[in-house]
Number of protein chains: 2
Amino acid sequence: MDSKDGHNQKIPVAVVRRLTKYLSHTQCLRQAGMDWVSSTELAEALGLTSSTVRQDLSHIDFFGISKRGYSTAGLEASLASTLGADRETSCVVVGAGNLGRALAQHEEFSRQGFRICGVFDSNPAMAGKKVGKLLVQGMAELPAVVGEQVVDIGIVAVPFPAAQQVADWLIVAGVRGLLNLTTAHIIVPRKVSLVDARFLASLRELAYAVKISEPRVPAG
Amino acid sequence: MDSKDGHNQKIPVAVVRRLTKYLSHTQCLRQAGMDWVSSTELAEALGLTSSTVRQDLSHIDFFGISKRGYSTAGLEASLASTLGADRETSCVVVGAGNLGRALAQHEEFSRQGFRICGVFDSNPAMAGKKVGKLLVQGMAELPAVVGEQVVDIGIVAVPFPAAQQVADWLIVAGVRGLLNLTTAHIIVPRKVSLVDARFLASLRELAYAVKISEPRVPAG
DNA sequence: TAGATTGTTAATCGATTAACAATC
DNA sequence: TAGATTGTTAATCGATTAACAATC
């Protein structure tokens, strides 16, 4: 019964990325007490066209109403259910440096259903230190924690030369997705998903944009 | 003389993003002592096709040699120059929470030419606290620091309801690009560039991928 | 009812890939 | 030289936008 209507087909990543935006924005609208939103309003708020919004929303199992738009409550629920944001997702962080510790304690994640259930570091000197309510564990503990707690996602926050090795360990331990915070290109088997956080790449992208937008120096 | 050959046209963002990958990987290759690399090798290492690599590199002012490929030294230099990675880029961080402090101290950034020259927080209780070698400053100091030090990029690491306001202040102060670490959709004037770090969105994307790759429960 | 807004089909646009002559 | 690899043009693919009948 799961696929009777053509939904539950795999949604293109470009669309999934925008669905996450609609979800965030719809949550805001609901908090602001708005009961309805139109594709035009959604588009304007997020810098898209209304056509894109309607096309995107045709991928989820929810329908708007002519002349009124979409019920924010229904839209939020349907987006959450499509994206899997209606259940908790367990994560572990590997690398207890600045970035790893910051993410492990990032409140927005827990508010949004991402539970960090372990922080690991290969440096024995880090073991036992506190990160929020968690204690840093050695890499040796990783398989047990991932296996027992059915951890979905591993966050790779180590120095980049160690990234592939850490990813391999996480995959063997059983995670199904990896968030890569390093600049390394990580290779994963097909059954595992990978998303690159692209911090440094984002800064480079900005540096390029700033560079080309610079006022031309008048020819000398 | 800058545009005589059709380079220095604005490069599509999809291409710019891959150029940053080529740059990272070429740096690795050089450190490993490799003098030459072919489009096929680059493609294989980064999960692309050799056709894409050659097409992308046609945007930069550098040429390979038939049968040998690209000189890693020349490629690195040309990519760095095209992207603006051959000069220092100044940044400020607004928001001295976990994430802001972590980024301000992230060593990879300074290694790669991004200099953090200020950390700001609207909470007076944070003022004067140390973040690496910097002291947290109040928002009132922002315009002076950005103006005097010719800061290119502002990193927005505040709670999401404050994101637009902080972005506006940064833009008025004179930054030319913004890295948005929040889930908020920030609106910027055309002359300012914006890149979203999309942390939470990345986790959601992973959660969706994990969800749809789950083994189907056999029909009851 | 009249008019606004949806869902969907068709058209456009841009990005990726294939193919191949040029060349070291 | 022969063969490998480039740079570039043409073909394909997919994503975005436009258009419009259906409808509340």
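The sequence lines fix the lettering, A, B, ..., with proteins before strands; numbering per chain opens at 1.
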Self-check item: Identity of whatever pairs with C/dG14 - Watson-Crick or G-U, under 3.5 angstrom
Solution: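 Across all strands, the one nucleotide that pairs with C/dG14 is D/dC13.
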
Side chain of [X] (C-beta onward), nearest among [options]:
X       : options               : value
A/Arg54 : C/dT6, D/dG7, C/dT17  : C/dT6
A/Lys67 : C/dA2, C/dC24, D/dT8  : C/dA2
B/Ser66 : D/dT17, C/dT23, C/dG7 : C/dT23

Compare side-chain N and O positions of [X] against OP1 and OP2 of [N] and report whether any pair is under 4.0 Å apart.
X       : N      : answer
A/Ser39 : C/dT6  : yes
B/Arg18 : C/dA15 : no
B/Thr52 : C/dT16 : no
A/Thr49 : D/dT17 : yes

Quiz item: Just by distance, with hydrogens left out, do A/Arg30 and A/Thr26 show a side-chain donor and acceptor under 3.5 Å apart?
Solution: no

Practice problem: Assess the side chains of A/Arg18 and A/Thr52: does a donor N or O sit below 3.5 Å from an acceptor N or O? | Solution: no

Self-check item: Step-by-step side chain to side chain contact (heavy atoms under 4.5 Å, CB included) determination, B/Leu103 to B/Phe109
Solution: CA-CA 8 Å; B/Leu103 288 173; B/Phe109 289 169; 3.6 Å; yes

Quiz item: So what does A/Ser51 touch, heavy atoms closer than 4.0 Å: a base, only the sugar-phosphate, or nothing?
Solution: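 It contacts base atoms.
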
Measure the distance from [atom1] on [X] to [atom2] on [N] and round it to the nearest whole Å.
X       : N      : atom1 : atom2 : result
A/Glu44 : C/dT5  : CD    : C1'   : 15 Å
B/Trp36 : D/dT5  : CH2   : C1'   : 12 Å
B/Asp56 : C/dA15 : CG    : C1'   : 10 Å
A/Ile11 : D/dA15 : CD1   : P     : 13 Å
A/Leu57 : C/dT5  : CG    : P     : 15 Å

Quiz prompt | B/Phe62 and B/Tyr70 aromatic ring geometry - parallel, tilted or perpendicular at 30°/60° bounds | solution =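 Ring orientation of B/Tyr70 relative to B/Phe62: tilted.
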
Quiz prompt | Under 3.5 Å donor-acceptor pair, B/Gln55 side-chain atoms to C/dT17 base atoms | solution =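 Answer yes: a donor N or O sits under 3.5 Å from an acceptor.
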
Self-check item: Residue closer to the 5' end of DNA chain D, B/Ile65 versus A/Arg68 (nearest nucleotide)
Solution: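 The 5'-side residue here is B/Ile65.
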
Self-check item: Heavy atoms from other residues, nucleotides or ligands near CD of A/Glu107 exceed 12 (cutoff 6.0 Å)
Solution: no

